[in-house]
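Notes follow once the structure below has been shown.
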Amino acid sequence: MTSIFTATTLKWKKYKKLGAGSYGTVYLVGEANSLFLGGSFAAVKSAEFEHSKETIKEAEFLKEVVDNPYIVRCFAEDISIEKGKEVYNMLMEYAPGGTLHDLIVAYNVKGSTMPKSHAAVYSYMLLSGLSHVHRRGLVHCDLKPCHILVFPKINGTDLHHLKIADFGLAKHV
Ligand SMILES: Nc1ncnc2c1ncn2[C@@H]1O[C@H](COP(=O)(O)OP(=O)(O)OP(=O)(O)O)[C@@H](O)[C@H]1O
């Protein structure tokens, strides 16, 4: 495995659990090295090293599609020792708005639906990200609202910035 950073240069700690999926648990992490996290928060997907094959693969895929505004950025990998076991950690941007699924549910709870104009812009963001993935010779294979992350609103608008995540089942074509 090629590590972007090593455990000796990274200093971060887990604050709280954000959720769990088939291949790992996601935590909010805080900086202990402001150079690295820019003084803010990040998210980390962690899995016991012996069960981390899929998460490592996801990090590899994310490195292949880096540099697109509509794809979540993985900026480091790290190994930690937790309860005496090696844990693989994939550090990525933290999405404070949760997932697109949460955003849709929030509209439903208010008894409303997403305005068509917002849906049109969100479709543009996702198709643009997806097109980048395909140009890099990959297919996502698991695209759904809970795999789309919601970032803060774009300045001066009521629109969030969306990014495609969860490349665990992606494939080369
Ligand atoms: N970068 C992130 N920022 C904020 N929250 C995140 C981030 N990545 C994941 N999450 C949260 O953690 C939860 C678990 O994510 P994970 O990718 O492990 O599994 P999942 O997508 O829910 O399930 P599966 O991978 O089994 O389909 C997500 O539902 C989401 O709420």
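Everything numeric in this text was worked out from a predicted model, so none of it was measured. As the structure lists them, so they are numbered: ligands from 1, and atoms in each ligand from 1.
Considering only non-hydrogen protein atoms, atom 13 (C) of ligand 1 sits nearest to G19 CA, 3.7 Å. Remark: minimum distance from atom 1 (N) of ligand 1 to any protein heavy atom is reached at E93 O, 2.8 Å. Remark: minimum distance from atom 5 (N) of ligand 1 to any protein heavy atom is reached at L18 CD1, 3.7 Å. Closest to atom 19 (O) of ligand 1, if we only count protein heavy atoms, is G21 CA, 3.2 Å. Of the protein's non-hydrogen atoms, V26 CG2, 3.6 Å is the one closest to atom 15 (O) of ligand 1. Among all non-hydrogen protein atoms, the one lying nearest atom 17 (O) of ligand 1 is D166 OD2, 2.8 Å. The protein non-hydrogen atom at the shortest distance from atom 29 (O) of ligand 1 is T99 CG2, 4.2 Å. With respect to atom 22 (O) of ligand 1, the closest heavy atom belonging to the protein is A20 O, 4.0 Å.
The M92 neighbourhood of ligand 1 comprises atoms 1 (N), 8 (N), with distances under 4.0 Å to a heavy atom of that residue. Proximity to G24 (heavy-atom distance under 4.0 Å) selects the following atoms of ligand 1: 18 (O). Applying the 4.0 Å criterion to heavy atoms of A43 picks out, from ligand 1, the atoms 1 (N), 2 (C), 3 (N). Contact atoms of ligand 1 toward Y94: 3 (N), 4 (C) (distance under 4.0 Å to a heavy atom of the residue).
Y124 OH: 12 or fewer foreign heavy atoms inside a 6.0 Å radius. Remark: H101 NE2 is loosely packed, at most 12 non-hydrogen atoms of other residues, nucleotides or ligands lying under 6.0 Å away.
The shortest N or O to N or O distance between A95 and ligand 1 is below 3.5 Å. Inclusion of Y23 in the set of residues having an N or O under 3.5 Å from an N or O of ligand 1 is not warranted. In terms of N/O distances under 3.5 Å, ligand 1 is not approached by D142. Close N/O approach between H147 and ligand 1 is found [any backbone or side-chain N/O within under 3.5 Å]. Remark: ligand 1 and K144 share no N or O pair separated by less than 3.5 Å (distance only, no angle test).
Looking only at atom types and distance, the side chain of S80 has no donor-acceptor partner in the side chain of K14 under 3.5 Å away. W12 and N89 form no side-chain donor-acceptor contact under 3.5 Å, judged by distance and modelled atom types alone. Y23 and E58 share no donor-acceptor pair across their side chains, judged by distance under 3.5 Å alone.
At least one side-chain heavy atom of E64 sits under 4.5 Å from a side-chain heavy atom of H172. Between E60 and F167, every side-chain heavy-atom pair lies at or beyond the 4.5 Å cut-off.
Neither the backbone nor the side chain of L28 has a heavy atom within less than 4.0 Å of ligand 1.
I164 and L159 fall within a single hydrophobic cluster, where Ile, Leu, Val, Met, Phe, Trp and Tyr are joined by side-chain heavy atoms under 4.5 Å apart, directly or via other members. By the criterion of side-chain heavy atoms lying less than 4.5 angstrom apart, applied directly or through intervening Ile, Leu, Val, Met, Phe, Trp or Tyr residues, M92 is not grouped with L169; the two fall into different hydrophobic clusters.
Ion pairing of D166 with K45 is present here, as a side-chain N (NZ or NE/NH1/NH2) and a carboxylate O approach within less than 4.0 Å.
Taking CG of L62 as the start and CG of N68 as the end, the distance is 11.5 Å to the nearest 0.5 Å.
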